[in-house]
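Atoms considered below: every heavy atom in the structure, side chains included; atoms not considered: hydrogens, waters and symmetry mates. Just so you know, ligand 1 is whichever comes first in the structure, and atom 1 is the first atom listed for that ligand.
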Amino acid sequence: MTRAPRRIAFLDRDGTLVWDRPGFYLRRPGQLRLYSGTIRALRLLRGAGYALVVVTNQSGIGRGFLDIPMLRRIHRELHRILKRNGIRLAGIYYCPHAPGVTCRCRKPSPYLARRALRELRLPARGAVIFGDKRADIDLGRQLGVTTVHLRTGHGRDQREKHGKALRPTHRARNLLEGVRWLLRSAHTDYGRP
Ligand SMILES: [Mg+2]
Ligand SMILES: [Zn+2]
């Protein structure tokens, strides 16, 4: 049985849940490819009481690679694939703006994550963010939550590019390894009042 969520796991989409690499931009539902450990990782998080919230920068909209109806189709497909595997996302929050455009929602801004906390009425305390980019880690740091940097997607490149400026709580090879670390570490207070 899955318990009612008591805190949030923020998940980046591209390069964290679904396959990504530098130079690639997901523009159609048919291009969605989950990493092999994604389903298992999300099940573990749900089982440990985390609400699953995707926070994603979709600058492809601002840059004209795809439009919002297409993004919605992609997200419906993602929901469908996960639901088929017994996994429910509490929400997908996206910034549609191009980099360089002044907006308040583009990661590393914690704007969308804060909105999710408010809408789900869950505390930032005990929350965690998983992502492959520095923006994910910087967002998490601003929220004061546990940050896990993954080597999938742009992860390896980002590590080279940002070096010591990229300071996550933990580094993992992929989402599943990051989740396993979280659930056995002191960073989870599951079970305590
Ligand atoms: Mg990413
Ligand atoms: Zn934005």
Original post:
Using a distance threshold of 2.8 Å, what protein N/O/S atoms lie below it relative to the Mg ion (ligand 1)?
Top reply: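 Listed by chain and number, the atoms are Asp12 OD2, Asp14 O, Asp132 OD1.
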**OP:** Compute both the distance and the angle, then confirm whether Arg7 meets the cation-pi test with Tyr50: under 6.0 Å from the six-membered ring centre, within 45 degrees of the axis.
**Re:**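 Arg7 over Tyr50 ring: yes.
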Subject >> Partner of Phe10 by side chain to side chain contact (heavy atoms under 4.5 Å, CB included), out of Thr16, Val54, Leu117, Val128 >> reply: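 In the set Thr16, Val54, Leu117, Val128, the residue that makes a side chain to side chain contact (heavy atoms under 4.5 Å, CB included) with Phe10 is Leu117.
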Under a 3.5 Å threshold, yes or no: a donor from one side chain and an acceptor from the other, between [X] and [Y]?
X: Arg171; Y: His149; answer: no
X: Tyr111; Y: Gln142; answer: no
X: Thr169; Y: Thr147; answer: yes

Subject >> Least distance between heavy atoms, Ala90 atom then Val53 atom >> reply: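 For Ala90 versus Val53, the nearest heavy atoms are CB-CG2, 4.1 Å.
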**OP:** For Val148 and Ala172, work out which heavy atoms get closest and say how close.
**Re:**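 Taking every non-hydrogen atom into account, CG1-CB, 4.2 Å.
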**OP:** Under 2.8 Å from the Zn ion (ligand 2), which protein N, O or S atoms are there? Could you list them by chain and number?
**Re:**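 Only Cys95 SG, His97 ND1, Cys103 SG, Cys105 SG fall inside 2.8 Å of the Zn ion (ligand 2).
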Subject >> Donor-acceptor pair, side chain of Gln31 and main chain of Arg27, under 3.5 angstrom >> reply: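 Yes, because the side chain of Gln31 sits within donor-acceptor range (under 3.5 Å) of the backbone of Arg27.
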Original post:
So, do Leu34 and Leu78 sit near enough that their side-chain heavy atoms are less than 4.5 Å apart?
Top reply: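 They are in side-chain contact.
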